[in-house]
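Inspection log for the structure reproduced underneath, given as structure tokens.
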Protein chains: 2
Amino acid sequence: MGYSLKNCVFIDLPQRFCSNQGREHHTGIFISIERRDGLTVASIESTVISMQQMKVACENCSLHQLCLPLHLDHDAMAALDSIIKRRRPLQRGENLFQSCDKFSSIYAIRSGSLKTFSTTNDGQEQVTGFHLPGELIGLDAITTEEHNCTARALETTSVCEIPFNRLQDLGMQIPGLQRQLLRIMSREILEDQNMMIWLAKKSAEERLASLLLRISKQFSTRSFSAHEFNLSMSRTDIANYLGLAVETVSRLFTRFQVEGLLNVDRKHVVINDLDGMHRMAHSDPDCTQHEKNRLS
Amino acid sequence: MGYSLKNCVFIDLPQRFCSNQGREHHTGIFISIERRDGLTVASIESTVISMQQMKVACENCSLHQLCLPLHLDHDAMAALDSIIKRRRPLQRGENLFQSCDKFSSIYAIRSGSLKTFSTTNDGQEQVTGFHLPGELIGLDAITTEEHNCTARALETTSVCEIPFNRLQDLGMQIPGLQRQLLRIMSREILEDQNMMIWLAKKSAEERLASLLLRISKQFSTRSFSAHEFNLSMSRTDIANYLGLAVETVSRLFTRFQVEGLLNVDRKHVVINDLDGMHRMAHSDPDCTQHEKNRLS
DNA sequence: GGTCAACCATGACCCACATCAATAAAGGCT
DNA sequence: AGCCTTTATTGATGTGGGTCATGGTTGACC
């Protein structure tokens with residue numbers, strides 16, 4: 001396993017390392033070195049510097065093509081930047097927002113990962129998604145003006161908070177921003193519908209294979225390895241998300257391993273046979289019909 | 001069973017009755033009389049008149065509170081009205097749009113009903129939704145600029161076509177329109193996520209009971225009976241939507257009948273025991289957590 | 001180092017629902 | 001009316017994956 005500096009990313013200083021815990025815009029810089037698979041293997045705390053010096057701006061953010069893919073000029077970018085609140089990172093298990101919280105902002109994930117889940121009235125949880133850097137979450141709360149699910153950090157996670165009202169105001173000024181928002185929400189609808197298809201039609205092995213392929217693809221679009229990564233979520237979360245029992249997920253992992261498709265050691269996954277996984281999934285959930293037509 | 005004139009609605013003249021089939025804005029008026037349950041029991045063709053005389057305008061439309069619930073002044077409403085294309089009604093089985101069609105418009109359903117379904121790459125269909133008057137469809141195509149599912153009429157169905165680009169232009173002028181669009185899309189995300197919960201967690205009987213309750217609620221918000229209605233979709237569509245086998249759906253209908261919850265004769269459904277149905281569903285899929293908190 | 005709590009793996013058993021098959025009823029077409 | 005296709009119902013049988021139970025790891029904390 002090789003370590004590479006190209007995967008060195010800048011994230012906010014976790015609160016426990018932070019000298020001024022009280023302030024919302026805390027200062028400090030925390031450099032973490034990530035392995036190709038996204039696991040943080042080392043982290044260095046720098047001299048504490050001011051937020052201004054740090055310049056964690058959308059303009060410099062390697063993810064802005066993912067979260068709001070727009071060609072904005074310097075001024076528009078600065079305007080967008082000015083409304084974004086950067087909060088202290090969440091610890092594993094902390095909630096970004098909870099079901100029934102008043103809706104005021106949407107959030108762009110900068111580093112780490114979260115799960116979103118809602119609770120049915122008979123008390124059971126249903127995981128509705130796993131979210132990686134570059135994704136926007138909280139969009140489902142716009143209608144109700146209250147959050148309908150809880151977002152919980154799966155590891156140390158840092159997000160940009162984007163106040164929705166101010167974003168709306170900005171949308172009247174920056175051409176294309178509104179449309180981009182609609183586009184992102186449209187994509188989310190599409191993804192949820194794809195998810196409905198799996199849940200209604202796919203067998204357990206197809207579901208797990210599809211999920212692993214999707215994670216693999218997400219890592220590779222973020223220029224990590226598509227073959228080797230660490231799952232940040234537990235077996236229980238995976239099972240819940242896929243509508244299966246934990247035991248089934250466990251058995252499937254070992255079966256995939258026996259069949260030589262992958263190696264798995266707890267959270268660490270190495271996919272040996274991507275083609276075989278595709279055959280196992282029997283359909284790529286992220287490859288839409290029109291993409292397929294284009295390819296063929 | 002009583003017939004009531006309050007349920008008499010105006011719909012477009014089906015093409016086969018229409019004297020000038022070629023033109024997009026055909027002329028003619030077709031009055032259908034509906035029973036409380038929404039079934040068309042009689043229909044009368046009037047003298048052919050011009051579209052201008054007919055004045056099917058948003059302002060007069062009984063559904064505009066459902067499809068774009070906004071308080072617009074006369075001018076804004078007229079502007080909205082001017083971009084809407086009213087096309088000839090679809091016959092049962094006709095497609096409004098198909099997967100891979102270029103996306104240019106969203107559609108508001110005026111009368112009738114449609115199903116949307118997508119096709120997985122191994123050829124099987126998955127019904128992603130049933131849609132009633134007042135709903136907007138086609139929103140999932142904004143990202144890809146191509147439709148990702150097919151919308152097919154379940155009965156004679158009339159829609160308003162809303163060109164998306166012109167709607168976007170209008171959004172820059174009419175305050176609140178953009179936000180309303182976001183709100184509608186947000187609601188769709190929410191509904192899809194609820195659907196994911198059923199599919200992952202609910203038993204067959206819970207799924208069917210939930211669906212029937214949802215349909216009942218939809219009818220009642222459109223001021224039809226919540227107890228008695230006609231299903232416009234086939235058993236196959238229901239089974240497909242719920243991720244079950246047709247046989248299972250059929251058996252469940254008879255079981256619900258034996259248990260005295262409802263009477264069913266082919267497409268005609270009378271719910272005798274709404275409370276019992278709620279108990280059977282064991283959770284109301286449309287009642288979100290925050291609504292529940294408010295109620296308790 | 002010891003204890004406790006999560007988390008994960010694996011075997012034995014069983015049931016809800018799919019699948020297969022046969023029949024019946026309804027609707028469309030000539 | 002008669003024919004044919006589609007749609008719905010019902011029964012018999014099989015199985016995928018849920019449930020229950022046990023034991024093994026790992027990591028946090030004292």
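Per chain, numbering begins at 1; letters A, B, ... match sequence-line order.
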>> Looking at D:dT9, I'd like to know if its phosphate oxygens (OP1 or OP2) sit under 4.0 Å from a side-chain N or O belonging to B:R235.
In response: yes
> Looking at the side chain of B:S250, which of D:dT19, D:dT9, C:dC17 is the nearest nucleotide?
Replying inline: D:dT9
> What about A:F229 and A:F224, are their ring centers closer than 6.0 Å?
Replying inline: no
> Whole-Å distance between C:dT19 C1' and B:L244 CG?
Replying inline: 14 Å
>> Cation-pi check for A:Y107 against A:R87: NZ or CZ below 6.0 Å from the six-membered ring centre and within 45 degrees of the axis, yes or no?
In response: no
> So, does B:T150 use its side chain to make a donor-acceptor pair with the main chain of B:S99 at under 3.5 Å?
Replying inline: yes
>> Quick check on C:dA6: is either OP1 or OP2 less than 4.0 Å from any side-chain nitrogen or oxygen of A:S234?
In response: no
>> Is it the case that C:dC8 (base atoms only) and A:E247 (side chain only) share a donor and an acceptor within less than 3.5 Å, ignoring hydrogens and angles?
In response: no
> Would you say B:S203 reaches C:dA16's phosphate, i.e. side-chain N/O to OP1/OP2 under 4.0 Å?
Replying inline: no
> Can you tell me how far P of D:dT9 sits from CG of B:N263, to the nearest Å?
Replying inline: 13 Å
>> Starting the side chain at C-beta, find the nucleotide from D:dT10, C:dG11, C:dA18 nearest to A:R251.
In response: C:dG11
> When the distance from CZ of B:F256 to P of D:dT9 is rounded to whole Å, what number comes out?
Replying inline: 13 Å
>> Rounded to whole Å, please give me the gap between CH2 in B:W198 and P in C:dC17.
In response: 15 Å
> How long is the line joining CZ of A:F253 and C1' of C:dC8, in whole Å?
Replying inline: 11 Å
>> Can you tell me which nucleotide in D:dA8, C:dT10, C:dC7 comes closest to the side chain of B:R266?
In response: D:dA8
> Base, sugar-phosphate, or nothing: which does A:G93 touch, judged by heavy atoms less than 4.0 Å apart?
Replying inline: nothing
> Taking only side-chain nitrogens and oxygens of A:T236, does any of them come within less than 4.0 Å of OP1 or OP2 of C:dA6?
Replying inline: no
> If you find the nucleotide of DNA chain D closest to B:V264 and the one closest to A:V246, which residue's nucleotide is nearer the 5' end?
Replying inline: B:V264
> For D:dA8, does OP1 or OP2 lie under 4.0 Å from any side-chain N or O of B:K267?
Replying inline: yes
> Looking at NZ of B:K201 and CE of B:M196, how far apart are the two atoms once the value is rounded to the nearest 0.5 Å?
Replying inline: 10.0 Å
> How long is the line joining CG of A:D265 and P of D:dT26, in whole Å?
Replying inline: 8 Å
> Between B:R214 and B:E191, is the closest basic N to carboxylate O distance under 4.0 Å?
Replying inline: no
> Can you tell me how far C1' of C:dA6 sits from CZ of A:R92, to the nearest Å?
Replying inline: 9 Å
>> What is the separation between atom CG on B:N240 and atom P on D:dA8, rounded to the nearest whole Å?
In response: 13 Å
